[in-house]
Asks: 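Before anything else, here's the structure in question.
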There are 2 protein chains.
Amino acid sequence: MAKVTIADIAREAQVSVTTVSRFINGNYGKMSQATRTRIQETVDRLEYRPSASARRMRQQSTHVVGVIVADISNVFSSLLFSGIYAQLQPAGYDVMLMNANNSTTQEHDEINRLLSQEVDGLIIQPNAREFAAYEPIVSSRTPLVMVDRECADQPDGVAKVVADNEESCHRMGLTLADMGYDNIVVLSRTRSEISAQAARVAGFASAAEERHVLMVPVEADSHDQDWLERRIRTTLDHLSGRTVLVSLMGPLLFDILAALKTLGIRFPNDVGLVSFDDWRWSQYVQDGIYLLEQDPQALGREAARNLLDQIGARGEDRTGDPYARSRQITLPVTVVEADSVLAR
Amino acid sequence: MAKVTIADIAREAQVSVTTVSRFINGNYGKMSQATRTRIQETVDRLEYRPSASARRMRQQSTHVVGVIVADISNVFSSLLFSGIYAQLQPAGYDVMLMNANNSTTQEHDEINRLLSQEVDGLIIQPNAREFAAYEPIVSSRTPLVMVDRECADQPDGVAKVVADNEESCHRMGLTLADMGYDNIVVLSRTRSEISAQAARVAGFASAAEERHVLMVPVEADSHDQDWLERRIRTTLDHLSGRTVLVSLMGPLLFDILAALKTLGIRFPNDVGLVSFDDWRWSQYVQDGIYLLEQDPQALGREAARNLLDQIGARGEDRTGDPYARSRQITLPVTVVEADSVLAR
DNA sequence: TTGTAGGCGTTATCAT
DNA sequence: ATGATAACGCCTACAA
């Protein structure tokens, strides 16, 4: 039993392929009720399913969107995808998901694969610092949305959906200084070239500057747990006054908690603790952890809407340059208070 | 600048499309070094990228695999995908990911979409209780692997990769009884028709039977937090002796923790607490939580390997019935001890 | 209301 | 070592 084609249906139902094609596409306008039911019956009987591959040949659109996330095993990325999918699926778009795994070379390969698939659009949580890595996408005129992270040299015409990282961290820095913390130790883990963490560090830096407190950046990169413990221990030993630790990404908080446990350092008494988080587990750690919270699903939804606008799937004129409909959006970061920091 | 095709390259490089095609497919065997470099140069210059859609027309294989997870915003599903992707990507397969969102009707729709895409294979974390929902896949001879959950009436010929749910829960039940717990309250949250939780309940039930202790199943379904609190309060009020609460899925543990907090019930003193978990956050809640731990990534990897074997992508003879190469695999559940339960 | 035929970009077969 | 050409399954003018 070879694949059932439109021709098989036509033959069995005693009509032409054109009529069947019309039927498949819901073009019932010019078609007698008799033939319509006859075709329906045949389609059901032979379990006919139109070939998406063949369709794509004839149409300009594949109705497939490509998504590249930085690290799918990070909850942030999976919630991001969840938001994207919730928008695209109802709109009739299938999604190819790729995991760059924090690697720019893998990301590069995946962009090529997706362009080869002739996807109708691309949503990327970028890894590369230079926008050059994404030029091939633009030069193929494929609708594109960058989400969560930003290249410094990204052209204005390219869509972008990010959280309000710098501003929120600036405010948080002021708050911590006002609570009487003398030192703000900012821990990040940047395995890829770019990340939202850079903007966050900048926010804390300017706040520290403004309030004349000390900001100490610590890049954990891919160092191991031992390294982190030693680093925290040493840093705290050399600082005088009250210190607060800030984790710039959810997963890193795990490692910091483990380190504090091993070192026998308690919060909020020995040290304050604040973290970015994309989930709700940290509220159960002691009396909860003071959080900077993003909404990854909202980021995903906005990114997908943005993309659909470019594709022109929402009824607007789909002529002209898709990039003309690109938008740059910033979503808020909210603060969740908890007792892991202490005002003096 | 319309899409650049193989014909454009042929014209520019002064060769036939056949030669270009050979080049694209790395068929350099019969080709002068001169033409080879000439084509290479032209391809680079015009930024030619072969059309995956057109390829599929000519070949039987799309090199695309479909994956349907139950709920992508659940960490389990995203780690599952991560394991699947890590196997599939290096093997040259692109992945379409769909989120059934715990809905059988949505799952049904997604199966159709994926079959329309003519995917080379399908990995499903099933929602439907009856295998009938997946018959269309089998009848189209599409390689298939069911993962994490199982339909009771699944044919032997269909591949399956699951965790050792019943047996591990049976052993856990015995352990808890031996620790002196008189009542085992088993909380589940089954929003879809099927889930791995059923097997877990069965395991606890047989253990309770064997040790003559009481097993009380509580299905939280989609009830809200208030309901859960009342239910826990009432249940505990009516039980005499020592009681342990068991959460059959990671996310439910959140809600249980919140309920206990509100009710002012402490563990391990007032009640014991045990949970299934797919992540590592719970170790930071008090002194950690006694866990039954699966390895979702391993489940994903095994499922993907299983699928690749069926597709015949790993060099075996790819003739005959793909289903003949289906395997049914059970992976272990490990126990992580912690002080959220107390031996009498 | 229904049918015919050409073409979408590739690859496979069969020449040269 | 290289070419010409016929499919693959569908859609869409253009006819009838």
Side-chain angles (χ1 to χ4, degrees), chain A residues 1-40 42-43 46-64 112-113 115-120 140, chain B residues 1-40 42-43 46-64 92 113 115-120 140:
Chain A
M1 46 173 149
K3 188 159 181 21
V4 179
T5 80
I6 206 172
D8 298 326
I9 305 296
R11 188 169 12 77
E12 292 281 323
Q14 315 268 25
V15 293
S16 78
V17 290
T18 312
T19 310
V20 179
S21 176
R22 290 210 183 94
F23 173 87
I24 299 300
N25 294 290
N27 228 320
Y28 309 127
K30 28 191 88 171
M31 191 181 308
S32 71
Q33 187 60 39
T35 52
R36 178 169 166 182
T37 52
R38 194 146 33 84
I39 295 178
Q40 179 63 271
T42 318
V43 164
L46 302 193
E47 295 188 314
Y48 168 73
R49 229 181 297 273
S51 152
S53 315
R55 279 198 146 130
R56 298 180 182 180
M57 289 288 302
R58 279 292 323 205
Q59 313 181 171
Q60 71 293 3
S61 135
T62 58
H63 271 234
V64 173
N112 278 328
R113 292 173 80 144
L115 288 179
S116 257
Q117 292 288 352
E118 297 160 293
V119 291
D120 283 353
S140 72
Chain B
M1 43 170 153
K3 185 157 180 23
V4 22
T5 78
I6 208 173
D8 299 326
I9 306 295
R11 188 170 10 79
E12 293 280 323
Q14 315 267 29
V15 293
S16 78
V17 291
T18 310
T19 309
V20 179
S21 176
R22 290 207 182 92
F23 173 88
I24 298 301
N25 294 290
N27 227 321
Y28 308 127
K30 28 192 88 171
M31 191 180 308
S32 72
Q33 188 60 40
T35 51
R36 178 168 166 183
T37 50
R38 194 145 34 85
I39 296 178
Q40 178 65 271
T42 317
V43 164
L46 302 194
E47 294 189 315
Y48 168 73
R49 228 181 298 273
S51 153
S53 315
R55 280 201 147 129
R56 299 180 182 180
M57 289 289 301
R58 280 294 323 204
Q59 313 185 168
Q60 72 294 0
S61 134
T62 58
H63 272 231
V64 173
R113 292 173 82 141
L115 288 180
S116 258
Q117 293 288 351
E118 297 161 293
V119 292
D120 283 352
S140 71

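Bear in mind the structure is a predicted one, so any value in this text is a computation, not a measurement. Values reported hereafter were calculated over all heavy atoms of this structure, with side chains retained and with hydrogens, waters and symmetry mates removed.
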Asks: What I'd like to find out is whether the side chain of B:Glu12 reaches to under 4.5 Å of the side chain of B:Leu46, using heavy atoms alone.
Replies: yes
Asks: Just report the end-to-end axis angle for the helix from C:dT1-D:dA16 to C:dT16-D:dA1, five pairs per end, to 10 degrees.
Replies: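 Answer rounded to 10°: the end axes differ by 40°.
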Asks: Going 5' to 3' along DNA chain D, which nucleotides are the first and last within contact of chain B (any atom under 4.0 Å from a heavy atom)?
Replies: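 Reading along DNA chain D, I get D:dA1 to D:dG9.
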Asks: Examine B:Arg36 relative to B:Phe23 and say whether NZ or CZ is less than 6.0 Å from the centre of the six-membered ring and inside a 45° cone about the ring axis.
Replies: no
Asks: Show me the pairs that pass salt bridge (Lys or Arg N to Asp or Glu O under 4.0 Å) and involve residues 16-25 of chain B, at least two apart or across chains.
Replies: none
Asks: Given the rule in the side-chain hydrogen bond (donor to acceptor under 3.5 Å, both in side chains) test, do B:Thr35 and B:Ser32 qualify, once you have shown the distances and angles that lead to the verdict?
Replies: CA-CA 6 Å; B:Thr35 51; B:Ser32 72; 3.0 Å; yes
Asks: Under 4.0 Å between a side-chain N or O of A:Thr35 and OP1 or OP2 of C:dT1?
Replies: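 Negative; the distance criterion is not met.
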Asks: Contact between B:Pro50 and A:Ser116 at the side-chain level, heavy atoms closer than 4.5 Å - yes or no?
Replies: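 Answer yes - side chains close enough.
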Asks: Between the main-chain N or O of A:Glu118 and the side-chain N or O of A:Thr62, is there a donor-acceptor pair closer than 3.5 Å?
Replies: yes
Asks: With A:Thr37, which residues qualify under side chain to side chain contact (heavy atoms under 4.5 Å, CB included), at least two apart?
Replies: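 Scan of A:Thr37 (side chain to side chain contact (heavy atoms under 4.5 Å, CB included), adjacent residues dropped) gives A:Gln33.
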Asks: Under the 3.5 angstrom rule, does the side chain of B:Asp120 hit a backbone N or O of B:His63 as a donor-acceptor pair?
Replies: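 Judged by distance alone, yes, a pair lies under 3.5 Å.
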Asks: Grab the two heavy atoms, one from B:Thr42 and one from B:Ala13, that are nearest each other, plus how far apart they are.
Replies: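 Between these two residues, the closest heavy atoms are OG1-CB, 3.5 Å.
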Asks: Does the protein touch nucleotides 9-16 of chain C at the base, only the backbone, or not at all? Give it as B, S and - per nucleotide, heavy atoms under 4.0 Å.
Replies: BBBB----
Asks: Of all residues at least two apart in sequence or in a different chain, which pass the side chain to side chain contact (heavy atoms under 4.5 Å, CB included) check with B:Gln117?
Replies: A:Ala52, A:Arg56, A:Val64, A:Asp94, B:Arg56, B:Met96, B:Val119
Asks: Within the structure shown, what part of the strands sits under 4.0 Å from A:Ser53 by heavy-atom distance: base, sugar-phosphate, or nothing?
Replies: nothing
